[in-house]
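One structure is given below, encoded as structure tokens.
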Amino acid sequence: MSDIEFFFDPVCPFAWLTSRWATEVAEQSDLSIEWRFISLLYLNEEKEVPEQFRQGHRFGLGLLRIAAAVREEHGNDGVAAVYTALGDKLHTEGGSAKLFGGEDVGALVVDALAAARLPASFAGAAEDPSRDALIRSETELGLSRTGPDVGTPIITYDLERPETSSFFGPVINRIPRGDEAIELWDALITLARIPGVSELKRSLRGHLDFS
């Protein structure tokens, strides 16, 4: 059984940074992560969003379709592998700039699948809507635990009481490493165990650092 559930959209840079913090914690402990889906396209479908971002969100849905197809054959470990590879290509290596600039990033997906040691044929799942109901249901599951008007990622810290231990975030601008990663984890797991805590927020942060 996993210890936490992490809801992500591959195109979200904030989800990517937080996911690398979570994997850093997992590498230093016995923490296990179940990767779940949450679509920015579905989160924002009733909102006015610039077409540039809507295009990115549609691409994100395609990547979630791929991840869902990978899950069917390779389970949670497969999802972890493909998310890591996609995130490296999109964020660490700057591929998202091409995406939001309107360039064709189809080769990025194939390269990511190769990096994850998965067949290139999985790329075809991006155009297959048969897994959309699953992606929408997991999106709604995440929102049922936090309430509306949140973004990605959502993390459920205690699977025995998911409705009172789930938060949007943490939203971070860099990846905590080593002792700092564990200190942040300990602080948040403590917070998650206190029912009724709903929000901590500040809008000031530095530039995004994917290193």
Side-chain angles (χ1 to χ4, degrees), residues 1-47 60-61 63-64 67-68 71 75-84 87 91 133-205 208:
M1 179 177 179
S2 298
D3 297 305
I4 68 169
E5 291 182 338
F6 191 109
F7 294 77
F8 72 95
D9 187 312
V11 298
C12 178
F14 300 106
W16 172 247
L17 287 167
T18 306
S19 76
R20 296 311 92 185
W21 159 70
T23 56
E24 175 80 8
V25 173
E27 288 171 3
Q28 298 185 57
S29 66
D30 58 356
L31 177 72
S32 60
I33 304 168
E34 182 173 356
W35 301 99
R36 305 295 293 266
F37 307 139
I38 183 167
S39 168
L40 285 170
L41 185 67
Y42 294 154
L43 280 178
N44 293 285
E45 62 188 346
E46 302 298 329
K47 301 176 183 176
L61 176 60
L63 297 183
L64 288 172
R71 183 197 279 170
N76 190 60
D77 288 345
V79 177
V82 75
Y83 182 29
T84 294
H91 306 298
L134 168 68
I135 295 166
R136 185 177 288 277
S137 70
E138 293 200 5
T139 299
E140 292 173 351
L141 176 63
L143 292 178
S144 75
R145 297 175 180 178
T146 62
D149 300 320
V150 298
T152 58
I154 289 172
I155 302 177
T156 297
Y157 290 90
D158 184 344
L159 300 185
E160 292 187 0
R161 44 187 201 86
E163 289 76 16
T164 58
S165 70
S166 300
F167 290 106
F168 160 49
V171 177
I172 50 181
N173 74 316
R174 59 181 179 82
I175 305 166
R177 307 284 190 185
D179 291 344
E180 185 183 38
I182 298 298
E183 288 171 2
L184 179 57
W185 169 259
D186 288 344
L188 285 169
I189 197 68
T190 298
L191 191 65
R193 292 190 178 116
I194 303 173
V197 177
S198 62
E199 185 171 1
L200 288 170
K201 185 174 182 178
R202 61 182 172 191
S203 58
L204 297 175
R205 60 173 175 259
L208 298 185

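The analysis underlying the following values was restricted to heavy atoms, covering all of them including side chains, and did not include hydrogens, waters or symmetry mates. Computed from a predicted model, the values in this text were never measured in an experiment.
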Legend entry - F7 and F168: CA distance, side-chain angles, deciding distance, side chain to side chain contact (heavy atoms under 4.5 Å, CB included) verdict: CA-CA 9 Å; F7 294 77; F168 160 49; over 6 Å; no
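Looking at L208 and W16, their side chains never come closer than 4.5 Å, going by heavy atoms from C-beta outward. When side chains are defined from C-beta on, N76 counts as touching W35, because their heavy atoms get closer than 4.5 Å. Between L141 and R145 there is a side-chain heavy-atom pair separated by less than 4.5 Å. A heavy-atom distance below 4.5 Å is found between the side chains of P170 and W21. In this structure, L41 and L64 have side chains that are not in contact, with every pair of non-hydrogen atoms separated by 4.5 Å or more. Put simply, the side chain of I33 does not reach to within 4.5 Å of the side chain of V25, judged on heavy atoms.
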Output side-chain donor-acceptor pairs under 3.5 Å for residues 193-202, partner residues at least two apart or in another chain, one line each.
none

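The main-chain N or O of D3 is found under 3.5 Å from a side-chain atom of S32 such that the two form a donor-acceptor pair. Under a 3.5 Å cut-off, the side chain of T139 and the backbone N or O of S39 do form a donor-acceptor pair. Side-chain N or O atoms of D9 include none that pairs as donor or acceptor with a backbone N or O of L61 at under 3.5 Å.
Between F8 and Y83, the ring planes lie parallel to each other; the angle is under 30°, not in the 30° to 60° tilted range.
Contacts of T84 classified as side-chain hydrogen bond (donor to acceptor under 3.5 Å, both in side chains), with partners at least two apart in sequence or in another chain: R20.
Relative to the ring axis of F37, R71 places its NZ or CZ within 45° and under 6.0 Å from the centre.
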